[in-house]
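Everything on this sheet refers to the single structure shown next.
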Amino acid sequence: MPKKYHIDFKPTLPRYTPLGKSGVVDFREGCQRCGQCAKKACIYNVYDKRCFDSGQMTDSIDYLCKNCFRCVQQCKKGLLNKSVNPEYIKMGDAYWTPEIISTNWTQAETGKIPVSGAGYGGPFSGPGFDSMWTDMSEIVRPTRDGIHGREYINTSVDIGRKLEKLQFGAAGELLSSPPPLLELPLPLVMATPSFGHVTEKVRLTLAMAAARLGTFFIVAAEQYDKSLAHYKQHIIPRISQESYPSFKGKLSGHRAVEGIYSKKMRPLWQEIKQNHPEMLISIKLPLDGNELPAVAELALQGAEIIHLCADEHGNEIGAATPRFIKDMVRRAHLHLVERSLRDQVTLLASGGIAMAEHVAKIIICGADAAVMDIPLLLAFECRLCKNCEKKRPCPVTIDSIEPAWGTQRVLNLMSAWRNQLLEILGAMGMREVRRLRGEAGRAMFFEDLEADIFGKIFGERI
Ligand code: SF4
Ligand code: SF4
């Protein structure tokens, strides 16, 4: 029996005290010395573990606390109050919310699915991926438990071109020669974030993590440092017309290469394919509303991988009222299905992939695998303050991370994300993530439900 894929996670403490959502305001005055301090009731031992970080003027209770409110409720005199940390709510933006940031921090630290003590307190529908609910109809079947290994759930995906049909000779021999195909053990590829203090050390860390995970790390040819060459089997260099002449001598040994879509790049792709027939070519196509003809044209011309990219918030690029990545990937996927071209190409999707559930959701919308970038910075404690864009110092000195520490943090994050994917697949009764691709019947879309139920009464939403 082949060995099961496993990601070695290991608790890896942050270097800086993370910003937590809320601290506990503890008024000693009025304490009746009952001797049964509510603080001892904390099952996470937050009060025993608390410490003060004088450099950041932060109390670690802020970040260790799971907000279950047990201590607040159990104090007989009601002396404990929780308050929201103003620094916490300032983090990120409307899409990359403080909750998303801190959830990814926790996963990078522990490698485990985070606990939210007081349960889910948010709305049940919202914009973007939040308007999509996944099927959990088989959640009660204990045999479908992928995390605990009772039944193996496969998270591998194939990337590359697939044949439309196989041809056999009179003696049953295979006449078709299959194009090169790579198997990734999880439907995730890593890419350099578009901002951040991404130094050589950071890129080396990401390349090391990609090698440990068995996936790829996409990096621009201009940022391809000498130290990365050791990991070339797990690196996809992104080339352009400008960078190709100086990089072409270094292409050998890579299993895939990427470039931005442009008709001028075609001779360059042909040259690469001639010189490196086994190398996969990924064409990065912006989701800007004009992608449908290009997707079909590329698929017809024999493209192997099409990487559809939205902006960092998952929005259509350059549109005044942008559509969201889930709708645009679904549109591109169905466009290929209608032309009987879908099974021949691989679709990668990037932009706004912020949480584990987004991976499952984008696959349901038609992608074969997701590309993650900003969550990798979060694994290194990034606060999304964007100081780096303003040439200000990074509050968590990302540029000086130790590769061994950073690699483990990325492994932990990936392990937590993969475990959540296993939970989703298990809850759907699926044993293969490949089967999830384009399975829109495994999800409900708020927009569709609203149109079906209320559209008949109130008309179209404006
Ligand atoms: S709210 Fe819950 S997790 Fe936080 S300190 Fe109190 S008991 Fe502990
Ligand atoms: S913490 Fe701020 S400065 Fe540092 S990489 Fe993140 S966004 Fe940039």
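None of these values were measured; they are calculated from a predicted model. We count ligands from 1, going down the list as the structure has it; atoms in each ligand are counted the same way.
Coordination check, Cys71 versus atom 6 (Fe) of ligand 1: passed, since an N/O/S atom of the residue sits under 2.8 Å. Look at Cys42 and atom 4 (Fe) of ligand 1: no N/O/S atom of the residue is under 2.8 Å from the metal.
With no hydrogens or angles considered, no side-chain donor-acceptor pair links Gln223 and Glu200 at under 3.5 Å. For the residue pair Gln408 / Asn412, a side-chain donor-acceptor distance below 3.5 Å is found, with atom types taken as modelled.
Contacts of Tyr47 with ligand 1, taken as heavy-atom pairs under 4.0 Å, involve the side chain alone.
Of all atoms in ligand 2, numbered sequentially from 1 with element shown, those under 4.0 Å from a heavy atom of Lys386 are 2 (Fe), 7 (S). Close approach of ligand 1 to Phe69 is summarised as follows: ligand atoms under 4.0 Å from at least one heavy atom of the residue are 1 (S), 2 (Fe). Of all atoms in ligand 1, numbered sequentially from 1 with element shown, those under 4.0 Å from a heavy atom of Tyr44 are 3 (S). Close contacts of ligand 1 with Lys66, meaning ligand atoms under 4.0 Å from a residue heavy atom, involve 3 (S), 4 (Fe). Which parts of ligand 2 touch Leu384 is read off a 4.0 Å heavy-atom cut-off, strictly below it: atoms 7 (S).
Of all heavy-atom pairs spanning Phe216 and Ala210, the tightest one is C-CB, 3.9 Å.
Closest heavy-atom approach to atom 4 (Fe) of ligand 1 within the set Gly20, Cys65, Ala41: this belongs to Cys65.
For the pairing with His254, the ring pair (Phe, Tyr, Trp, His ring centres under 6.0 Å) check across Tyr224, Phe217, Tyr231 returns one residue only, Tyr224.
Listed for the Asp327 side chain is no donor-acceptor partner under 3.5 Å among the backbone atoms of Arg323. At least one donor-acceptor pair under 3.5 Å links the side chain of Glu381 to the backbone N or O of Arg15.
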Evaluation steps, side chain to side chain contact (heavy atoms under 4.5 Å, CB included), between Cys388 and Cys394: CA-CA 6 Å; Cys388 39; Cys394 175; 6.0 Å; no
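Lys66 forms a cation-pi arrangement with Tyr44, by the criterion of a distance under 6.0 Å to the ring centre and an angle within 45° of the ring axis. Note that Arg330 lies in the cation-pi zone of Phe445, set by a 6.0 Å cut-off to the ring centre and a 45° limit from the axis.
Within a 6.0 Å sphere centred on NZ of Lys112, other residues, nucleotides and ligands contribute 12 heavy atoms or fewer.
For atom 4 (Fe) of ligand 2, the nearby protein N/O/S atoms, meaning those under 2.8 Å, are Cys394 SG.
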